[in-house]
There are 2 protein chains.
Amino acid sequence: MIEEVILFQIDKTSKVAKQYSQREFDRLGLEITVEQWILLKIVHESNDISQKELAEKSLRDPASITRTLDLLQKKELINRLPIPENRRQYSIDLSKKGVVFIKTNMPLVDAHRKKSIEGLSEKEQRNLNELLKRIQENMS
Amino acid sequence: MIEEVILFQIDKTSKVAKQYSQREFDRLGLEITVEQWILLKIVHESNDISQKELAEKSLRDPASITRTLDLLQKKELINRLPIPENRRQYSIDLSKKGVVFIKTNMPLVDAHRKKSIEGLSEKEQRNLNELLKRIQENMS
DNA sequence: AACTATTAATTGATATATCAATAATTGACA
DNA sequence: TGTCAATTATTGATATATCAATTAATAGTT
């Protein structure tokens, strides 16, 4: 039975959590997807990040990053700055609006993260992380 | 840092594992996606399953199931059988070709599953499963 | 029986995932 | 220095995810 496969349960957990956050985003009218939030957050945490680096950090395809950044640019949440040292790449950063957006909604996202691990001790969390890392290693 | 968020690591693990399997499928010329394999497998494990039930078991949207079944039907791996008791729904089952496909490739998929949990003791596997279930509960 | 609500599947629209191909730029090095 | 290789971002094609709207069929109610 497929429900007994650990990879299936990992995927299920990921889906359930994303759906939970997306529903909350929608309910509060954030007009953003979870994937878009993750990109914004990485940009917020980084200095002068390129699209290639964004793809690596977010574990997504460069082609997909291009398209999502187009949307975020349309929403005026990010800027693509040409950099003189290398005219092949852009430096991505948050617009003022983007910074405000992150600061305003970070508490909500933090609440989701806390809720996801409710009832798990520190030790259980570390343990889970470690087991996940080992599976990642096995599959790479 | 987003790498420290457990949900991020869960998602990463899911992605890495899917990519691993997909690469193997491609390398061996199976001409099928991982999502398609999962649907086939559920159909194989079920008797007279409807699309609605398939959506629930696979944790996917009914609209998405419709489209993936269209593809699997084009590949002649499944049949949609009209059922007289309820003409709104179909009974999905594997074609002969589909049964052969599953039987031929199941050992490969089993190998992937085993590889994913290589080095994890029975106890660690149970523990992981239990922690994942608790997170699923938290997010539902 | 007639009306209404519900259900199963489909379709449309938009966002994302992935691979392949391409364009522009930069790097390597003979 | 000029050619070829590698790099970064984009675009096209196809598959999947999700929501909303629609269609056809069935269930429930009076």
Side-chain angles (χ1 to χ4, degrees), chain A residues 11-12 14-27 29-40 48-56 58-75 78 80-92, chain B residues 11-12 14-27 29-40 48-75 77-78 80-92:
Chain A
D11 190 46
K12 176 171 181 178
S14 177
K15 281 181 174 168
V16 166
K18 259 186 207 162
Q19 285 161 354
Y20 178 91
S21 290
Q22 190 64 62
R23 272 197 309 272
E24 286 284 289
F25 282 10
D26 294 347
R27 189 173 66 77
L30 262 61
E31 298 194 320
I32 198 179
T33 68
V34 170
E35 302 304 332
Q36 288 170 16
W37 170 271
I38 292 171
L39 272 203
L40 283 185
D48 287 336
I49 194 166
S50 69
Q51 298 188 196
K52 176 182 150 61
E53 291 167 328
L54 259 180
E56 285 161 3
S58 63
L59 312 168
R60 291 174 55 187
D61 194 272
S64 195
I65 299 297
T66 292
R67 283 152 185 148
T68 300
L69 288 182
D70 288 346
L71 294 171
L72 291 173
Q73 210 167 12
K74 237 179 255 167
K75 293 184 214 266
I78 61 131
R80 274 182 171 103
L81 304 174
I83 64 177
E85 311 90 66
N86 188 341
R87 284 182 298 168
R88 271 175 317 196
Q89 57 183 30
Y90 297 103
S91 167
I92 312 297
Chain B
D11 190 45
K12 177 172 180 177
S14 177
K15 280 181 174 167
V16 167
K18 258 185 208 166
Q19 286 161 355
Y20 178 90
S21 290
Q22 190 65 62
R23 271 196 311 272
E24 285 285 290
F25 282 10
D26 294 347
R27 189 174 66 78
L30 263 61
E31 299 195 319
I32 197 178
T33 68
V34 171
E35 302 304 332
Q36 288 169 16
W37 170 272
I38 293 171
L39 273 202
L40 283 184
D48 286 337
I49 194 165
S50 68
Q51 297 189 195
K52 176 180 150 61
E53 291 167 327
L54 259 180
E56 285 160 5
K57 281 224 181 196
S58 63
L59 310 169
R60 291 174 55 187
D61 194 90
S64 194
I65 299 297
T66 292
R67 283 154 184 146
T68 301
L69 288 182
D70 288 346
L71 294 171
L72 291 173
Q73 208 166 13
K74 235 178 257 167
K75 293 183 215 267
L77 293 169
I78 61 132
R80 275 181 170 104
L81 304 173
I83 63 176
E85 311 90 65
N86 188 341
R87 283 182 299 169
R88 272 175 316 196
Q89 57 184 32
Y90 297 103
S91 168
I92 312 298

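Chain A is the first sequence line, chain B the second, and so forth, proteins listed ahead of strands; every chain is numbered from 1.
- For Arg88(A) against dT25(C), a side-chain N or O and a base N or O form a donor-acceptor pair under 3.5 Å.
- Here the shortest heavy-atom pairing between Asp61(A) and Ala55(A) reads C-CB, 4.2 Å.
- Summarising the geometry, the separation between CG on Leu40(B) and P on dA15(D) is reported as 15 Å, rounded to the nearest angstrom.
- Residues Gln51(A) and Thr68(A) are not in side-chain contact: their nearest non-hydrogen atoms beyond the backbone lie 4.5 Å or more apart.
- What separates CG of Asp61(A) from C1' of dG12(D) is a distance of 13 Å, to the nearest Å.
- We find that CG of Leu54(A) is positioned 19 Å from P of dT7(D), with the value rounded to whole Å.
- Atom CD in Gln22(B) sits roughly 11 Å away from atom P in dA20(C) (whole-Å rounding).
- Taking Tyr20(B) as the reference, His112(B) meet the ring-ring contact (aromatic ring centres under 6.0 Å, His included) condition, with sequence neighbours excluded.
- Looking at heavy-atom distances under 4.0 Å, Gln19(A) makes contact with sugar-phosphate atoms alone, never a base.
- The phosphate of dT16(D) (OP1 or OP2) has no side-chain N or O of Ser64(B) nearer than 4.0 angstrom.
- Residue Thr33(A) places at least one side-chain N or O under 4.0 Å from the OP1 or OP2 atom of dT16(C).
- Between the CZ atom of Arg60(A) and the C1' atom of dA15(C) there is a distance of 9 Å, given to the nearest Å.
- Across the interface with DNA chain C, nearest-nucleotide mapping of Arg87(A) and Lys75(A) shows Lys75(A) to be the residue nearer the 5′ end.
- Here CG of Leu72(A) is found 10.5 Å from NZ of Lys74(A). Values are rounded to the nearest 0.5 Å.
- Between the CD1 atom of Ile92(B) and the P atom of dA9(C) there is a distance of 7 Å, rounded to whole Å.
- The residue Thr66(B) sits close to a base: some heavy atom pair falls under 4.0 Å.
- Using a 4.0 Å cut-off between a side-chain N of Lys or Arg and a carboxylate O of Asp or Glu, Asp70(A) and Arg80(A) qualify as a salt bridge.
- Atoms CG (Leu39(A)) and P (dA15(C)) sit 14 Å apart, rounded to a whole Å.
- Under 4.0 angstrom from either OP1 or OP2 of dT10(D) there lies at least one side-chain N or O belonging to Arg80(A).
- Toward the 5′ end of DNA chain D lies the nearest nucleotide of Leu69(A), the other residue of the pair Pro84(B) and Leu69(A) mapping further downstream.
- The line from CG of Leu81(A) to OG of Ser91(A) is 5.0 Å long, rounded to the nearest 0.5 Å.
- In terms of position on DNA chain C, the residue among Arg23(B) and Val34(A) whose nearest nucleotide sits closer to the 5' end is Val34(A).
- To the nearest angstrom, C1' of dA17(C) lies 12 Å from CG of Asp11(B).
- Of the candidate nucleotides dT10(C), dG12(C), dA8(C), dG12(C) has the atom lying nearest to any side-chain atom of Arg67(B).
- Within 4.0 Å of Asp26(B), counting heavy atoms only, lies no atom of the nucleic acid at all.
- The side chain of Gln89(B) places no N or O atom within less than 4.0 Å of a non-bridging phosphate oxygen (OP1 or OP2) of dA24(D).
- As judged by a 4.0 angstrom heavy-atom cut-off over every strand, Leu71(A) is placed among residues touching the sugar-phosphate backbone only.
- Counting any heavy atom pair closer than 4.0 Å across all strands shown, Gln36(B) reaches sugar-phosphate atoms only and no base atom.
- Closest approach to the Ala63(A) side chain among dA20(C), dC19(D), dT8(D) is made by dA20(C) (side chain taken as heavy atoms from C-beta onward).
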